[in-house]
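Have a look at the structure below before the remarks.
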Amino acid sequence: MDAHYTIVIADDHPLFRNDLFQSVHMAISGATLLEADSLTSLLALLEKEPDVDLLLLDLKMPGANGMSGLIQLRSQYPDLPIVVISASEETSVIRQVHSHGAFGFIPKSSDMRALIQSLNQVLDGEPVFPDGLGEVDAEYHALTERIAALTPQQYKVLGMLADGLLNKQIAYELNVSEATIKAHMTAIFRKLDVKNRTQAVILLQQMDLAP
């Protein structure tokens with residue numbers, strides 16, 4: 001495939017990132033390849049590069065708690081095609097990835113020929129998912145909708161909440177007032193339809209988003 005594309009590879013393992021880099025070069029002649037090794041660096045890159053054609057995303061990177069990174073990216077960049085490339089190949093994980101709006105799922109165990117074929121399929125506009133995923137549970141889908149309603153800053157606060165930080169600790173980390181964090185907490189609880197911190201953490205655990 002010779003068309004010019006800008007593709008971001010987001011993975012915190014340098015060796016796998018390099019292997020994927022080589023595979024993408026083989027699959028797509030002349031592609032511009034960019035790299036990120038954490039959710040923070042990825043979000044900064046996407047802010048500077050508005051014309052990315054494809055994001056290849058690892059689920060387990062610093063700053064991304066399970067599916068939360070994918071949910072945040074889909075919320076902020078709804079038009080960006082995201083293909084998850086992960087070592088977690090359980091059907092339940094792939095089903096969640098599909099539910100959260102990814103354009104495809106490629107197992108890290110794929111050989112180079114299968115990887116190149118999948119990449120070409122995606123860039124031709126065809127999603128790539130294994131057969132037999134089935135439907136996502138309606139209750140789970142409702143939870144994902146609530147998570148997707150959070151703003152980027154609320155995601156950060158929620159992640160720190162899951163890490164067990166107190167309001168004043170979160171305020172210090174984000175360099176804002178404790179009153180601001182309390183306002184964020186109120187908004188988070190309302191959007192998640194929970195009454196307190198404990199219920200919010202339980203909800204995250206139900207969605208496999210907690211660290």
Side-chain angles (χ1 to χ4, degrees), residues 7-17 19-20 23-24 35-43 46 54-78 80-123 126-150 152 155-156 158-159 161-163 192 200-211:
I7 298 172
V8 176
I9 299 171
D11 194 294
D12 64 330
H13 292 89
L15 287 177
F16 180 78
R17 208 165 58 238
D19 288 345
L20 188 54
S23 298
V24 174
E35 301 179 49
D37 60 3
S38 69
L39 184 60
T40 300
S41 63
L42 173 58
L43 291 171
L46 291 174
L54 176 64
L55 169 60
L56 303 176
L57 177 69
D58 181 24
L59 291 177
K60 297 180 179 178
M61 291 192 304
N65 302 325
M67 296 288 165
S68 62
L70 173 59
I71 294 172
Q72 182 174 355
L73 288 161
R74 292 297 302 140
S75 177
Q76 288 187 245
Y77 300 95
L80 173 62
I82 300 174
V83 173
V84 169
I85 300 186
S86 178
S88 301
E89 301 177 21
E90 298 87 351
T91 300
S92 60
V93 172
I94 302 172
R95 188 179 292 125
Q96 289 177 45
V97 167
H98 183 270
S99 171
H100 293 315
F103 199 68
F105 181 96
I106 301 175
K108 281 191 173 181
S109 61
S110 300
D111 60 32
M112 187 170 291
R113 180 180 297 179
L115 178 60
I116 291 173
Q117 181 179 348
S118 295
L119 289 173
N120 280 321
Q121 182 175 328
V122 166
L123 290 170
E126 294 292 331
V128 175
F129 284 99
D131 295 330
L133 283 184
E135 294 298 321
V136 176
D137 178 81
E139 182 178 352
Y140 181 88
H141 181 72
L143 292 179
T144 68
E145 291 293 315
R146 292 186 226 162
I147 294 289
L150 299 179
Y155 275 111
K156 292 181 183 179
L158 186 58
L161 174 64
D163 287 336
L192 297 185
V201 172
I202 290 173
L203 184 145
L204 290 178
Q205 291 171 343
Q206 289 175 341
M207 297 190 64
D208 194 28
L209 297 180

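As the structure is a prediction and not an experimental result, all values here were calculated from the model.
When each of L56, L54, L42 is paired with V8, the side-chain contact (heavy atoms from CB on, under 4.5 Å) condition holds for L42 and for no other.
Although no hydrogens or angles enter the test, the distance criterion places no donor-acceptor pair under 3.5 Å between the side chain of S110 and the main chain of I106. Remark: the backbone N or O of L80 is paired with a side-chain donor or acceptor of R74 at under 3.5 angstrom.
Annotation for L57 and L73: closest pair CD2-CD1, 3.8 Å, computed over non-hydrogen atoms. Nearest heavy atoms, M61 versus D11: SD-N, 3.6 Å. For the residue pair I85 and K108, the shortest heavy atom distance occurs at O-CE, 3.6 Å. Nearest heavy atom pair, residue Q72 against residue L39, reads OE1-CD2, 3.7 Å.
Looking at residues two or more places apart in sequence or on another chain, you find a side chain to side chain contact (heavy atoms under 4.5 Å, CB included) between S23 and M112, L115.
Using a 4.0 Å cut-off between charged side-chain N and carboxylate O, D58 and R17 make no salt bridge.
The closest side-chain heavy-atom distance from F129 to V97 is below 4.5 Å. At least one side-chain heavy atom of Q76 sits less than 4.5 Å from a side-chain heavy atom of L43. Residues V84 and V93 have side chains not in contact (no heavy-atom distance under 4.5 Å, counting atoms from C-beta outward).
The local environment of CD in Q117 is sparse, with at most 12 non-hydrogen atoms from other residues, nucleotides or ligands closer than 6.0 Å.
Rounded to the nearest 0.5 Å, atoms CD (Q96) and CD1 (I71) are 8.5 Å apart. Taking CG from L20 and CG from L15, the interatomic distance works out to 12.5 Å, rounded to the nearest 0.5 Å. Remark: S75 OG to L70 CG distance equals 11.0 Å, nearest 0.5 Å. Note: I9 CD1 to E35 CD = 5.5 Å, rounded to the nearest 0.5 Å. Distance NE2/H13 to CG/D37: 11.0 Å, rounded to 0.5 Å.
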